[in-house]
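Only one structure is covered here, and it is reproduced in the block below.
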Amino acid sequence: MEQRQGKVILTGDRPTGRLHLGHYIGSLARRVQLQNEGDFDKMFVFMADVQALTDNAENPEKIRQNIAEVALDYLAAGINPDICTLFIQSQIPELAELTTYLMNIISVSRVQRNPTVKTELKMRNFEGGTPLGFFCYPVSQAADITLFKATTVPAGEDQEPMLEVTRELVRRFNQVYAPILVEPQILLPENATARRLPGTDGKEKMSKSLGNCIYLSDSADEVWQKVRSMFTDPDHLRVDDPGKVEGNAVFTYLDAFATDEDFANFWPDYANLDELKAHYQRGGLGDMKCKKFLYQVIEKFLAPMRERRHEYEKDIPEIFNILKRGSEKARETAAQTMQEVRHAMRIDYFEDKELIQQLSEKFKK
Ligand code: TRP
């Protein structure tokens, strides 16, 4: 018997650093939009500290410090803890419990095939071998998703392999035990530039380790300094030279962020980005003008976020209260699912009257 489920949205981030524009355009803005549209039964956003520890075992302090940073970024971006349950992964012991059982119904080679894990292993280059917990994190992530019976997981393309593993585990669990877990779908960013925002240096991805990020919490001055020194077209030396927009980070960012309304407000010389690009490509348009515009476009949403963040920063104990309440609430759902899981697996011995009866008969003979 398939149980009908409502829409449950769930997603999270590893709390290893402050969130940046790549996070914002890639998923955070979408989450806020989904939250405000209200078309769901439940919505969860969480800090994946357990997952962050899989490759930071020796550095828990980094995770500890970043819990509040990420929470502040969420709240500043408009996540409303009254609508959306905000929680911390490690505070839900049921996640570890479900992970353990899921590990029994997936093979080592299946986990090894995961392209995201493969890339990460290359990047991390663990001394002394791959930590087992790191290797298993796709299974732990499947537990994150299934424990809450999430139907919809807003995330970047790189998370698709995790969702595939999750769906496989759901099917296997439901087939072996009982149909109680739910197959989730990934919800990818709508437009292509949102899927992977390059760094300010034009490199493939915004990443803390490359030092090419604009953080949501950067000051206006920091944002301007970063935009001012952004990578453009290295052959565009004089204003009169024709410029290239492909691979030009300023234009990639404008693709991601600039609206026609921004042109009307900040740069009415052009009706839209196509007109601006055409002028740049023809020659006669300097980088600095484009950068000033980009700065205004970004500041339009960063400035209010920065202000909200400063408000929240004044009451850090309240941030932890929000996370504590969220974690307690998340645990209610978690406990409910775990009860069903234990029953499906028939390991709910103390509730299992049938087993007790059966064994009583057996030993009477
Ligand atoms: N792996 C995700 C990331 O690196 C974080 C994450 C952990 C997650 N568990 C999740 C995302 C469950 C979506 C759903 O960003």
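Each ligand, and each atom within it, is numbered from 1 in the order the structure gives.
- The same ILVMFWY cluster, assembled from side-chain heavy atoms under 4.5 Å apart, contains both Leu147 and Met345.
- Among residues two or more places apart in sequence or in another chain, the salt bridge (charged side-chain N to carboxylate O under 4.0 Å, His left out) test is passed with Glu354 by Arg346.
- With sequence neighbours excluded, no residue forms a salt bridge (charged side-chain N to carboxylate O under 4.0 Å, His left out) with Arg308.
- Legend: residues meeting salt bridge (charged side-chain N to carboxylate O under 4.0 Å, His left out) with Lys203, ordered by chain and number and at least two apart, are Asp201.
- Ring geometry, Phe87 versus Phe46: the interplanar angle falls under 30°, so the pair is classed parallel (tilted spans 30 to 60°).
- The contact shell of ligand 1, taken as protein residues with any non-hydrogen atom closer than 4.0 angstrom, comprises Leu10, Thr11, Gly12, Arg14, Phe46, Ala48, Gln51, Gln141, Asp144, Ile145, Val153, Gln159.
- By the criterion of side-chain heavy atoms lying less than 4.5 angstrom apart, applied directly or through intervening Ile, Leu, Val, Met, Phe, Trp or Tyr residues, Leu210 is not grouped with Leu19; the two fall into different hydrophobic clusters.
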